[in-house]
**Q** 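This is the structure I want to talk about, given as structure tokens.
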There are 2 protein chains.
Amino acid sequence: MIKDLILIIDDENAIRRLLEISLQSNGYKTVSACNGKEGLLLAASHQPDLILLDIGLPDINGQVLLKRLREWYVKPIVMLSAQSDEENIVQALDNGANDYLCKPFRTGELLARIRSSLRNLSDNNHQQKIEFDSLRIDLSARLVYKHNNIVKLTSTEYSLLTLLVKNEGRVLTHQYILNAIWGPSYALQTQYLRVFIAQLRKKIEKDSNHPKFILTESGVGYRFMIQSESL
Amino acid sequence: MIKDLILIIDDENAIRRLLEISLQSNGYKTVSACNGKEGLLLAASHQPDLILLDIGLPDINGQVLLKRLREWYVKPIVMLSAQSDEENIVQALDNGANDYLCKPFRTGELLARIRSSLRNLSDNNHQQKIEFDSLRIDLSARLVYKHNNIVKLTSTEYSLLTLLVKNEGRVLTHQYILNAIWGPSYALQTQYLRVFIAQLRKKIEKDSNHPKFILTESGVGYRFMIQSESL
DNA sequence: AATCGACATAAAGATTTTATTAAGATTCAT
DNA sequence: ATGAATCTTAATAAAATCTTTATGTCGATT
């Protein structure tokens, strides 16, 4: 069983410490940020399984940060807040938060709500192994095979491939991919993405001049898809 | 847009009435049960999109009913309860509830939490599709099909098609289209638009000399519409 | 039938976007 | 600290798309 990683974004040291201890003693890995900027960076770099986000941060308004995260982050976000006014709660939930807890919160309830949020997710991502023709991806082992031979991928290449594969059949825009893999500050580095796509194709495609898996949508982005043989 | 159906299971008449009115006035369909047995039956027969379940029912304990429902019901269940003790909350969430609200609850918050729960569900289904005869547009995947074959459209062609489709049956003037797709500085390039319309027709129409989807409104603009076969 | 205006279409050239390579910078493990 | 792996940047060739131009069609009007 792989431990879920939870990103804590909260500026109060005491609370952050409390959260880290409670979560770690319940089998989660944690990573913490004490302001919004750092939170965004860590979310992009660590790809946490859930984010605990305090609404009252010093640098970025919590609702704004929530929206920024939701531009690409699809896993659960649980809000924490000293404010219990309905307007804030409703706004946060409508901005894409999965849950909203008012401080002071009870640890047991928080943990239960985290379990609930993660459960909903894992039900859907249930797939541990993905197979397309000669390509096989074992998500739990983090391994990729081509014709039963292990393909050696760097961590970035692997993230990119799984992002594409998890959205099979869907066009992902350059922006979306860059946000999801490299974080918001890379949103305009399209050329950069191309280099990695070329790299990936060289490793997983039979003929990288006629890609069968990773298709280009010119001017828009890329799409992972199985092409019928007839072409 | 299809209305979501919400099943309310609560024994207090006043609360049930309140819920029905709030939900209906917010565009949901509702069906109500005043005890656990009836709730189970209605859940099975109506397949609601979400269940609001009061924990204090006369015939069956709420936690037990929750577990019984979760044996087969996979959509969101939101618990309502007068009890705010942590043990009850934790137990309900661990038994598969998606959320837990303590009475008296604020209507706005309840509605926001319902929206949040339903959104999580539909995120996974990710399906926004439009279909006209042999033409199918999957907006979330950004793909267009003609007789189940993917039609390769450039980014501009796709924007143009979706603009027309989203205004199905309505005449869009040249100016309006040029402004919407290419921006104000192209407002007079009518000829330009014709080139793209021709291109689109070639790709999506069966016989581009007798367009069935994209109709010309001479001197005015274009209109997307299904024409009957008889012509 | 000839003329006109609005529209359709094809094709050539211009521009943008993409693929690919390679070299330098950085990171990582030992 | 060192070498290997990986990331990042830059340059260039190839491909796709856009834009313009030219020409042809259709229907209404004279």
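A, B, ... follow the sequence lines: proteins, then strands. Residue 1 opens every chain.
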**Q** Classify the nucleic acid contact of B:Gln189 as base, sugar-phosphate or nothing, counting any heavy atom under 4.0 Å across all strands shown.
**A**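 Sugar-phosphate contact only.
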**Q** Report yes if the side chains of A:Leu200 and A:Leu153 come closer than 4.5 Å at any heavy-atom pair, otherwise no.
**A**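 A side-chain contact exists here, since the closest heavy-atom pair is under 4.5 Å.
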**Q** Could you tell me how far apart B:Leu153 (CG) and D:dC18 (P) are, to the nearest whole angstrom?
**A**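 For the pair B:Leu153 CG and D:dC18 P, the rounded distance is 11 Å.
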**Q** Starting from P on C:dA19, measure out to NZ on A:Lys202 and report it in whole angstrom.
**A**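 In whole Å, C:dA19 P lies 13 Å from A:Lys202 NZ.
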**Q** Does any non-hydrogen side-chain atom of A:Leu53 lie less than 4.5 Å from one of A:Val78?
**A**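 No, too far: nothing below the 4.5 Å cut-off.
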**Q** Five pairs per end, C1' atoms only: what is the angle between the end axes of the helix from C:dA1-D:dT30 to C:dT30-D:dA1, to 10 degrees?
**A**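 Here the local axes at opposite ends form an angle of 30°.
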**Q** Considering non-hydrogen atoms only, spot the tightest contact between A:Cys102 and A:Gln83 and give its length.
**A**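 Smallest interatomic distance, heavy atoms only, reads SG-O, 4.0 Å.
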**Q** Out of C:dT9, D:dC18, C:dT18, which has the shortest distance to the side chain of B:Thr154?
**A**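 The answer is D:dC18, which lies nearest to the side chain.
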**Q** In residues 155-165 of chain B, what residues come within less than 4.0 Å of DNA chain D, judged by heavy atoms?
**A**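 Contacts with DNA chain D under 4.0 Å: B:Thr156.
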**Q** For the residue pair A:Thr30 and A:Gln24, confirm or rule out a side-chain donor-acceptor distance under 3.5 Å.
**A**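 Short answer, yes.
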**Q** With the side chain of A:Gln191 defined as its heavy atoms from C-beta on, choose the nearest nucleotide among C:dC7, C:dT18, C:dT9.
**A**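 Closest of the options to the side chain of A:Gln191: C:dT18.
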**Q** Is there a side-chain contact between A:Lys152 and the phosphate of D:dT6, meaning an N or O under 4.0 Å from OP1 or OP2?
**A**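 Checking A:Lys152 against D:dT6: at least one side-chain N or O falls below 4.0 Å of OP1 or OP2.
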**Q** Can you check the B:Arg201 CZ to D:dT25 C1' distance for me, whole Å?
**A**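 So the CZ-C1' distance, B:Arg201 to D:dT25, works out to 13 Å.
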**Q** Could you state the CD-C1' distance from A:Glu217 to D:dA15, rounded to the nearest angstrom?
**A**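 That distance rounds to 15 Å.
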**Q** Using a distance-only test with no angle check, is there a side-chain donor-acceptor pair under 3.5 angstrom linking A:Asn167 and A:Arg223?
**A**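 No.
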**Q** Mind calculating the distance between CZ (B:Phe196) and C1' (C:dC7) to the nearest angstrom?
**A**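 Distance, rounded to whole Å: 17 Å.
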**Q** So that I can tick it off, tell me whether B:Lys212 and B:Glu205 are bridged by a salt bridge, with the cut-off set at under 4.0 angstrom between side-chain N and carboxylate O.
**A**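 Here B:Glu205 does not pair with B:Lys212 in a salt bridge, since their nearest N and O are not under 4.0 Å apart.
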**Q** Compare the minimum distances between each of C:dC7, C:dA10, C:dA19 and the side chain of B:Tyr222, then state the nucleotide with the smallest one.
**A**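 It is C:dC7.
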**Q** For A:Arg194, does its backbone N or O pair with a side-chain atom of A:Gln199 as donor and acceptor, under 3.5 Å?
**A**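 Such a contact is absent between A:Gln199 side chain and A:Arg194 backbone.
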**Q** So which heavy atom on B:Asp49 is nearest to which on B:Leu118, and how close?
**A**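 It is O-CD2, 3.6 Å.
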**Q** Which atoms of nucleotides 28-30 of chain D (N or O only) lie under 3.5 Å from a protein N or O atom, and what are those distances?
**A**
none

**Q** Would you kindly give the CH2-to-C1' distance between B:Trp182 and D:dT17, to the nearest whole Å?
**A**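 Rounded to the whole Å, the gap is 12 Å.
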**Q** Give the rounded distance in Å between these two atoms: CZ of B:Arg194 and P of C:dA8.
**A**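 B:Arg194 atom CZ is separated from C:dA8 atom P by 7 Å.
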**Q** Once you measure the plane-to-plane angle for B:Phe213 and B:Phe224, does it fall in the parallel (<30°), tilted (30-60°) or perpendicular (>60°) bin?
**A**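 Geometry flag for B:Phe224 against B:Phe213: parallel rings.
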**Q** Looking at A:Thr216, does any N or O in its side chain come under 4.0 Å of the phosphate oxygens OP1/OP2 on C:dA19?
**A**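 Looking at the OP1 and OP2 atoms of C:dA19, one of them is under 4.0 Å from a side-chain N or O of A:Thr216.
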**Q** For a quick test of reading the model: is some side-chain N or O of A:Tyr186 closer than 4.0 Å to OP1 or OP2 of D:dC7?
**A**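 The answer is no; no side-chain N or O of A:Tyr186 sits under 4.0 Å from OP1 or OP2.
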**Q** Looking only at side-chain N and O atoms, does A:His174 come under 4.0 Å of OP1 or OP2 in C:dT17?
**A**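 Answer no for this pair, as no side-chain N or O of A:His174 is under 4.0 Å from OP1 or OP2.
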**Q** Is there a side-chain contact between A:Leu42 and A:Ile9 (heavy atoms, below 4.5 Å)?
**A**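 A side-chain contact is absent here, since even the closest heavy-atom pair is not under 4.5 Å.
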**Q** Just by distance, with hydrogens left out, do A:Asn148 and A:Arg136 show a side-chain donor and acceptor under 3.5 Å apart?
**A**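 On atom types as modelled, these side chains qualify, holding a pair under 3.5 Å.
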**Q** Rounded off to whole Å, could you give me the CD-to-P distance for the B:Gln199 and C:dA12 pair?
**A**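 Answer to the nearest Å: 15 Å.
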**Q** Tell me yes or no: between the side chains of A:Thr216 and A:Arg201, is some donor less than 3.5 Å from an acceptor?
**A**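 Indeed, the side chains of A:Thr216 and A:Arg201 share at least one donor-acceptor pair under 3.5 Å.
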